[in-house]
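What follows is a set of notes on a single structure, which appears directly below.
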Amino acid sequence: MLSRKPYPTDVSDDEWAFVLPYLTLMTPDAPQREYDLREVFNALRWLARAGAGWRLMPTNFPPWTAVYQQWRRWQKAGSFEAMVHDLRALLRRAEGRASNPSAAIFDGRTLRSSPESGSRAGYDGHKKTKGSKVHVAVDTLGNLLAALVTPANEQERDQVAALTDAVQEATGYSVEVAFVDQGYTGEEPAEEADLVGIHLEVVKFPEAKRGFVLLPRRWVVERSFAWTARFKRLARDYERLTETLVAMHFLVFSILMLARAASLLPSA
């Protein structure tokens with residue numbers, strides 16, 4: 001039983017039963033374990049949603065230093081990437097689809113820099129924002145496949161090689177087509193995607209565009225970005241390292257996908 005009042009971000013019993021194998025990097029009764037692992041995970045979920053700094057974590061959680069150290073261990077072990085991979089397969093099977101997708105959607109969004117990330121920031125002239133650009137690939141259900149971070153001034157088309165490699169590694173080379181916007185046009189990105197068996201299909205605005213237009217396929221990744229907007233830790237680039245920002249995206253998607261899979265977890 002908790003010795004504190006629960007937070008809305010606390011993990012449920014069914015969710016915890018699912019995630020425990022991914023987070024247990026040593027035995028639960030290991031002598032060096034001082035704090036309850038579930039409470040450490042609850043603290044991390046709270047931080048992602050509330051957007052507070054590590055040192056501002058409520059005192060009814062384990063000390064922030066312990067949470068941060070465990071977060072770094074999970075990040076190094078790829079715990080949340082593995083969790084997202086398996087949750088994606090579970091959610092896809094529940095929809096009657098194959099575990100690994102044959103199609104993906106690519107896009108990037110610019111996050112305004114903070115004092116922590118300002119040294120690696122770039123200026124996005126289109127968005128008129130100085131910060132970092134997060135390039136993501138999702139499947140047709142909006143589940144995260146891969147992510148990478150660059151300065152905001154770098155173009156989407158220049159990240160195709162790295163993003164397609166990451167997608168195929170995550171899916172076992174099952175993806176055949178990627179839907180993209182006009183920022184990915186050009187012979188070079190198309191050739192780089194072809195090298196790993198992916199065809200880039202550019203979804204363009206109608207010539208007679210008037211008002212809001214819902215683009216086929218492309219709206220899925222925009223919805224995924226909207227999901228992450230609820231997590232204030234991703235409202236700006238608060239991380240010193242790009243790999244930490246990538247890992248934070250996988251943490252957030254693990255939370256989102258656990259909630260969607262809640263009805264499936266007891267039987268799974």
side-chain contact (heavy atoms from CB on, under 4.5 Å) test vs S132 passes for just one of V149, T110, T150, D124, namely V149

Sub-3.5 Å donor-acceptor pair from the side chain of [X] to the main-chain atoms of [Y], do we have one?
| X | Y | answer |
| --- | --- | --- |
| R223 | L141 | yes |
| R49 | R233 | no |
| S224 | G142 | yes |

Could you walk me through whether L87 and F18 pass the side chain to side chain contact (heavy atoms under 4.5 Å, CB included) check?
CA-CA 10 Å; L87 281 167; F18 180 88; 3.5 Å; yes

What do the steps show when you test W16 against F41 for side chain to side chain contact (heavy atoms under 4.5 Å, CB included), and what is the final call?
CA-CA 9 Å; W16 180 242; F41 185 49; 3.7 Å; yes

State, without any angle test, whether [X] and [Y] hold a side-chain donor-acceptor pair at a distance under 3.5 Å.
| X | Y | value |
| --- | --- | --- |
| Y7 | N60 | yes |
| E243 | Q75 | no |
| N100 | Y173 | no |

Can you measure from [atom1] ([X]) to [atom2] ([Y]) and round to the nearest 0.5 angstrom?
| X | Y | atom1 | atom2 | value |
| --- | --- | --- | --- | --- |
| R72 | Q69 | CZ | CD | 11.0 Å |
| K130 | Y123 | NZ | OH | 11.0 Å |
| L234 | E239 | CG | CD | 8.0 Å |

Would you call the rings of F80 and W71 parallel, tilted or perpendicular if under 30° counts as parallel and over 60° as perpendicular?
tilted

So does [X] pair up with [Y], basic N to acidic O under 4.0 Å?
| X | Y | answer |
| --- | --- | --- |
| R157 | D181 | no |
| R4 | D10 | yes |
| E222 | R109 | no |
| R97 | D139 | no |

Verify side chain to side chain contact (heavy atoms under 4.5 Å, CB included) between L258 and V19, making sure each step is shown before the conclusion.
CA-CA 9 Å; L258 275 170; V19 305; 3.5 Å; yes

Is it true that atom CZ of F225 has more than 12 heavy atoms of other residues, nucleotides or ligands lying nearer than 6.0 Å?
yes

